[in-house]
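What you see is a predicted model, and the numbers here were worked out from it, not measured in a lab. In what follows, chains are A, B, ... by sequence order, proteins preceding strands, each numbered from 1.
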There are 2 protein chains.
Amino acid sequence: MGVTKSEKFTTEQNEIAQLAKVLGHPARVAIIQHLFKINTCICGDLVDEIGLAQPTISQHLKELKNSGLIKGNIEGTSVCYCIDKDNWTKMKNLITDFLELDTSSNCC
Amino acid sequence: MGVTKSEKFTTEQNEIAQLAKVLGHPARVAIIQHLFKINTCICGDLVDEIGLAQPTISQHLKELKNSGLIKGNIEGTSVCYCIDKDNWTKMKNLITDFLELDTSSNCC
DNA sequence: TTTATTCATTGCAATATTACGATTAATATT
DNA sequence: AATATTAATCGTAATATTGCAATGAATAAA
């Protein structure tokens with residue numbers, strides 16, 4: 001059926017998975033890293049930087065935007081994309097808490 | 001074409017994305033959390049715990065196993081799945097480093 | 001106004017993912 | 001041996017994702 005049964009899981013589990021999914025493509029990882037590196041960003045830069053076609057980059061940017069991790073301000077013909085710091089911090093905490101599960105057990 | 005162009009990205013970007021992708025499904029998040037909670041785990045428990053069909057759980061377990069995050073030891077008719085702590089720690093560091101990108105800039 | 005430039009959107013093809021019923025393989029139990 | 005239990009695998013259907021060419025909308029430059 002190809003459709004995730006979100007209703008079977010907690011809100012937290014769904015949120016973690018949703019964020020992880022957004023980061024689950026190297027192009028989006030690369031975009032995030034680039035945005036952090038240069039602070040102000042134009043989509044065209046990313047096309048050159050990443051080497052995928054412009055509509056493809058645009059689509060990845062849309063997903064990142066939908067997730068709230070980045071925001072885009074229109075500036076004339078270009079668009080300034082950048083990290084949404086508040087959401088980034090929230091996301092970071094959510095994922096970090098999940099990853100910090102105790103590994104000091106003694107099974108297997 | 002539905003196929004990710006991994007060759008366009010760095011090894012690090014691909015590794016981060018690959019791990020994030022594995023965590024990009026609530027069932028797998030739930031499985032990881034459950035494994036941490038009870039240390040020793042049998043697949044049947046997970047079917048009851050999570051509420052998806054046994055083949056579906058089995059498939060998610062396979063993906064987690066392929067990623068190296070968990071390992072499964074056969075014990076009679078049941079299988080003891082648990083977190084692969086070394087790999088978990090490596091993965092945690094990889095993701096954490098990525099998430100720790102500096103948010104102290106002043107764009108937008 | 002005409003022409004570039006920049007980026008979003010649409011439409012499509014190829015591939016991947018999610019889910020489950022049916023079956024299978026293996027060990028336990030009777 | 002016959003039956004039950006556990007979990008992997010196979011096959012299939014439904015849906016999602018990835019990628020790009022073509023197009024469109026908007027502003028900038030000539």
Side-chain angles (χ1 to χ4, degrees), chain A residues 1-9 13-14 17-31 34-35 40-67 70-82 108, chain B residues 1-9 13-14 17-31 34-35 40-67 70-82 108:
Chain A
M1 293 133 188
V3 73
T4 300
K5 299 202 163 177
S6 307
E7 74 278 6
K8 301 253 181 183
F9 308 100
Q13 286 163 346
N14 281 311
Q18 213 174 326
L19 277 169
K21 201 171 183 180
V22 172
L23 300 178
H25 193 291
R28 294 192 288 268
V29 170
I31 288 170
H34 193 65
L35 285 179
T40 295
C41 188
I42 295 160
C43 183
D45 284 358
L46 290 167
V47 175
D48 296 341
E49 181 80 14
I50 290 170
L52 296 177
Q54 179 265 323
T56 307
I57 301 292
S58 195
Q59 193 175 307
H60 285 305
L61 286 169
K62 192 179 170 187
E63 282 177 64
L64 286 167
K65 219 168 152 185
N66 284 343
S67 76
I70 70 170
K71 50 187 176 180
N73 301 20
I74 295 171
E75 289 187 0
T77 51
S78 65
V79 177
C80 168
Y81 278 110
C82 45
C108 303
Chain B
M1 291 141 186
V3 73
T4 299
K5 299 204 162 175
S6 308
E7 74 279 5
K8 303 253 182 185
F9 308 99
Q13 285 163 347
N14 281 310
Q18 212 174 329
L19 277 170
K21 201 172 182 178
V22 172
L23 300 179
H25 193 289
R28 295 193 286 269
V29 170
I31 288 170
H34 194 64
L35 286 178
T40 295
C41 188
I42 296 161
C43 183
D45 284 358
L46 290 167
V47 174
D48 295 343
E49 182 80 13
I50 290 171
L52 296 176
Q54 178 267 323
T56 308
I57 301 293
S58 195
Q59 195 176 305
H60 285 304
L61 286 169
K62 192 179 171 186
E63 281 177 65
L64 286 166
K65 220 167 151 184
N66 285 343
S67 77
I70 70 170
K71 51 188 176 179
N73 301 20
I74 295 171
E75 288 187 359
T77 52
S78 66
V79 177
C80 168
Y81 279 110
C82 44
C108 306

How many angstroms lie between atom [atom1] of [X] and atom [atom2] of [Y], to the nearest 0.5 angstrom?
X	Y	atom1	atom2	result
B/Asn14	B/Lys21	CG	NZ	10.5 Å
B/Ile42	B/Cys80	CD1	SG	7.5 Å
A/Ile31	B/Gln13	CD1	CD	10.0 Å

Length of the line joining [X]:[atom1] and [N]:[atom2], which is rounded to integer Å:
X	N	atom1	atom2	answer
B/Ile70	D/dA8	CD1	C1'	13 Å
B/Glu63	C/dA19	CD	P	10 Å
B/Gln18	D/dT17	CD	C1'	16 Å
A/Ile74	C/dT5	CD1	C1'	15 Å
B/Glu75	C/dT27	CD	C1'	13 Å
A/Ile31	D/dG19	CD1	C1'	13 Å
A/Leu64	D/dT17	CG	P	13 Å
B/Phe9	D/dG19	CZ	C1'	11 Å

At less than 4.0 Å, is any side-chain N or O atom of [X] found next to OP1 or OP2 of [N]? Yes or no.
X	N	answer
B/His60	C/dA19	yes
B/His25	C/dA19	yes
B/Lys21	D/dT17	no

Legend entry - B/Gln18 CD: over 12 foreign heavy atoms closer than 6.0 Å: no
I'd like to check [X] versus [Y] (side-chain heavy atoms, cut-off strictly below 4.5 Å). Are they in contact?
X	Y	value
A/Leu46	A/Leu61	yes
B/Cys43	B/Val79	no
B/Asp45	B/Tyr81	no

Inset, instruction - Using a heavy-atom cut-off of under 4.0 Å over every strand shown, decide if A/Thr56 touches base, sugar-phosphate, or nothing. - result: base
Inset, instruction - With heavy atoms under 4.0 Å as the rule, sort A/Lys65 into base, sugar-phosphate or nothing. - result: nothing
Can you figure out which of [options] approaches the side chain of [X] most closely?
X	options	answer
A/Gln54	C/dC7, D/dA21, C/dC20	C/dC7
A/Lys62	D/dA8, C/dG21, C/dT9	C/dT9
A/Leu52	D/dA8, D/dG19, C/dT9	D/dG19
A/Thr4	C/dT18, C/dG21, D/dA8	C/dT18

Legend entry - Residue pairs fulfilling side chain to side chain donor-acceptor pair (under 3.5 Å) with at least one residue in residues 51-61 of chain B, sequence neighbours excluded: B/Arg28-B/His60
Legend entry - Watson-Crick or G-U wobble mate for C/dA28, both contacts under 3.5 Å: D/dT3
Legend entry - Distance-only donor-acceptor test, B/Gln59 side-chain atoms vs D/dA8 base atoms, 3.5 Å: no
Legend entry - Pairwise 5' ranking along DNA chain D for A/Gly76 and B/Ile57, keeping only the more 5' one: B/Ile57
All N/O contacts under 3.5 Å from nucleotides 3-6 of chain D to the protein, with atom names and distances to one decimal?
{"residue": "D/dT6", "atom": "O3'", "partner": "B/Thr77", "partner atom": "O", "Å": "3.4"}

